[in-house]
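Written below as structure tokens is the structure these notes are about.
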Amino acid sequence: MCSIIGYCGPVADQTAFQAGFQRTVSRGPDDSRVAKAGTGLLGFHRLAIMGLTPEGMQPFQLDGSLAVCNGEIYGFETLKQELLAKGYTFQSGSDCEILLPLYREYGVDMFAMLDAEFACILYDGRTEQFIAARDPIGIRPLYYGYDSHGVILFASEPKNLLGLTDKIMPFPPGHYYKNGKFVCYHDIAKVDQVCYDELEILCRTIRDKLVAGVEKRLVADAKVGFLLSGGLDSSLVCAIAAKKSRAPIKTFAIGMDIDAIDLKYARQVADYIGSDHREIIITKEDVLSALERVVELLGTYDITTIRASMGMYLICKAIHEQTDIRVLLTGEISDELFGYKYTDFAPSAQAFQEEAAKRVRELHMYDVLRADRCISVNSLEARVPFGDLDFVKYVMAIDPGKKLNTYGKGKYLLRKAFEEDWLPEGILWREKAAFSDAVGHSLVDDLKEYAEAQYTDEEFETRRQKYSHARPFTKESLLYREIFEKYYPGQSDMVVDFWMPNKSWEGCDVDDPSARVLANYGDSGV
């Protein structure tokens, strides 16, 4: 990961700007630079992944224009060759150096051309305008706000903007900003034409597109590792990578010391694919001592995001401290496409599709946010193959009737696509378990028990009434909200609401986001 910031006009408080910029130096510990852009400033903290030489340092410049980008542009070599043919020259091997020439050639139409996960800020020296944009899923973070004079600011994380603006909001994915307006250039969840392919063709296409999504994310000038929970999604990413890599891949799993569910499954996968595997064991004390730090680095009060982040933060911390790996591939964004445990209760195919579209559009506030923050705070880069744009677009377009769980097994299409020798049968057809539960049921139980001890029933009822937006509804949610408000006072609108199953569906009107409370949890916790 890297960190970017842009002050798009005269800086009202230089000291506050520098302090905000420094809050995310862990995202890019290799080098830092702030450059003047017209009357404003662009800043960049670098984590060197592609083009490791000093020439890859940003902001990039071209005839008075500047650009900073936190991103990976896949297949950039082809675009670079086209630009070389047009007479542009390049100083580095960085993928992001192509952005200014692309903008010079295509303007804001360039954003729809990118196969990338990115957030960028450009200064057009010819028009003296600032332009910003974010990838269609929001895998790379970007936030914005306005200072007291109405000048817009952009930055990688909310903490960069604290003290510079009264209201911090997420930059909408799939949009660019220009001339004071946010314009949608790609709504990834919108289906233009439903795909009615036969089952065999569907499964073959799903397999081919996911394999391609993993393969392109193995390209890096820095060392690559893999988070392996032993669940379907991360196991598939690792299995594909193992087939496509010449040397054994490095996999990492985490579990509680007393009841880790996932460790045994991760070990089965590692043995099957021949990975160099390492286990991280954590305790109740590790979890509780990291809680406030995790809420602060996430910038959320959402229950399920915080629960799942405990294990993810601690495993990434261990990888950072104990290895020289700089890039991690993860298994996020499969559930939103193929279904959660609760979407088994979808009353119709249309309802399933509407729920999937909602979840994909909100990903940047939940699972994608979790992966970004837990990984980047440990000076690592996240890559998410299930978020490959070509893959997401195809799966979203599949006839939702075929994605409904009418097969007696959730995510059937994805499982069926990887039959044969990709994974052990027991892993391929294993029931879904949420990451926070599968690290060990005790992890969530310990957090809930700790929260219960913080408030009497009367204190809980009184203190939760302070909040009109996303009002806490359990002692656990109140604890998280109060920690959040300590670091991000009055900024709860950065997250639309709590992530919860669709309460309007029969069987889903529950008071906890964990699938453990659903009637169909079954063998998920075994």
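The basis for the numbers below is simple: all heavy atoms, side chains too, and nothing from hydrogens, waters or symmetry mates.
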### Task
Compare all side-chain heavy atoms of Ser65 with those of Tyr123 and state whether any distance is below 4.5 angstrom.
no
### Query
Sub-3.5 Å donor-acceptor pair from the side chain of Thr305 to the main-chain atoms of Arg370, do we have one?
no
### Task
Start with the C-alpha distance between Thr330 and Glu332, add both sets of side-chain angles, then the distance that settles side-chain hydrogen bond (donor to acceptor under 3.5 Å, both in side chains), and finish with yes or no.
CA-CA 6 Å; Thr330 74; Glu332 277 78 23; 2.4 Å; yes
Show the atom names and distances, to 0.1 Å, of all donor-acceptor pairs under 3.5 Å that link a side chain in residues 37-45 to residues at least two apart or in another chain.
residue	atom	partner	partner atom	Å
His45	ND1	Ser32	OG	2.5
His45	NE2	Phe21	O	2.8

#### Entry: Check: Tyr488 and Met494 side chains under 4.5 Å, non-hydrogen atoms
yes
### Message
Can a donor-acceptor pair be found, under 3.5 Å and without considering hydrogens, that links the side chain of His364 to the backbone of Gly138?
### Response
no
### Query
Considering all heavy atoms of both residues, which atom of Leu161 and which atom of Gly145 are nearest to each other, and what is their separation?
CD1-N, 4.1 Å
### Query
What do you reckon, is CG of Asp208 surrounded by more than 12 foreign heavy atoms closer than 6.0 Å?
yes
### Task
Kindly indicate whether the side chain of Asp509, heavy atoms from C-beta on, has any atom under 4.5 Å from the side chain of Ser504.
no
### Task
Inspect the contact between Arg361 and Asp187 and indicate whether a charged nitrogen and a carboxylate oxygen are less than 4.0 angstrom apart.
yes
### Asp233 with Lys411: basic N within carboxylate O range, under 4.0 Å
yes
### Summary
Nearest heavy-atom approach of Tyr7 to Ala12 is OH-N, 3.4 Å
### Task
Can you label the angle between the His469 ring and the Tyr301 ring as parallel, tilted or perpendicular, going by 30° and 60°?
perpendicular
### Query
If you count the non-hydrogen atoms of other residues, nucleotides and ligands that lie under 6.0 Å from CD in Glu55, is the total more than 12?
yes
### Message
So, applying side chain to side chain contact (heavy atoms under 4.5 Å, CB included) with Arg27, which one of Asp372, Leu47, Val377, Ile375 is it?
### Response
Asp372
### Query
Should Pro59 and Arg33 count as side-chain neighbours, where that means a heavy-atom distance under 4.5 Å?
yes
### Presence of salt bridge, Lys358 and Glu355, under 4.0 angstrom
no
### Message
Let's go through Gln81 and Glu77 carefully: what are the C-alpha distance in whole Å and the side-chain angles of both, what is the deciding distance for side-chain hydrogen bond (donor to acceptor under 3.5 Å, both in side chains) to 0.1 Å, and is it a yes or a no?
### Response
CA-CA 6 Å; Gln81 288 302 314; Glu77 298 89 349; over 6 Å; no
### salt bridge (charged side-chain N to carboxylate O under 4.0 Å, His left out) assessment of Arg481 paired with Glu485
CA-CA 6 Å; Arg481 182 61 174 271; Glu485 293 290 339; 2.9 Å; yes
## Note on the structure
Between Asp124 and Ile131 the two heavy atoms that sit nearest each other are CB-CD1, 4.2 Å
### Query
Centres of the Tyr144 and Tyr177 rings: under 6.0 Å?
no
### Message
Strictly distance-based, threshold 3.5 Å: is any side-chain N or O of Asp135 a donor or acceptor partner for the main-chain N or O of Arg140?
### Response
yes
Give every donor-acceptor pair under 3.5 Å between a side-chain atom in residues 383-396 and any protein atom, sequence neighbours left out.
residue	atom	partner	partner atom	Å
Arg383	NE	Glu381	OE2	2.9
Arg383	NH1	Arg217	O	2.9
Arg383	NH1	Val219	O	2.7
Arg383	NH2	Glu72	OE1	3.4
Arg383	NH2	Glu72	OE2	3.4
Arg383	NH2	Val219	O	3.4
Arg383	NH2	Glu381	OE2	3.3
Asp388	OD1	Lys216	NZ	2.9
Asp388	OD1	Arg217	NH1	3.0
Asp388	OD2	Asp390	N	3.3
Asp388	OD2	Phe391	N	3.3
Asp390	OD1	Lys209	NZ	3.3
Asp390	OD2	Lys209	NZ	2.7
Tyr394	OH	Asp197	OD2	3.1

### Task
Would you confirm whether the ring centroid of Phe352 sits within less than 6.0 angstrom of the ring centroid of Trp505?
no
### Query
Which atoms form the tightest heavy-atom contact between Ile73 and Ala116, and what is the distance?
CA-CB, 3.8 Å
### Evaluation steps, ring pair (Phe, Tyr, Trp, His ring centres under 6.0 Å), between Phe130 and Phe154
CA-CA 10 Å; Phe130 284 88; Phe154 303 104; 8.2 Å; no
### Ion pair Arg373/Glu157, N-O distance below 4.0 Å
yes
### Query
Just wondering, more than 12 heavy atoms not from Gln350 lying within 6.0 Å of its CD?
no
### Message
We want to know whether Asp147 and Thr165 form a side-chain donor-acceptor pair, criterion being a heavy-atom distance below 3.5 angstrom.
### Response
no
### Test: Arg307 and Asp302 ion pair at under 4.0 Å
no
### Polar side chain donor-acceptor pair, Ser229 to Ser234, under 3.5 angstrom
yes
### Query
Would Tyr366 and Glu362 count as having a side-chain donor-acceptor pair, cut-off 3.5 Å?
no
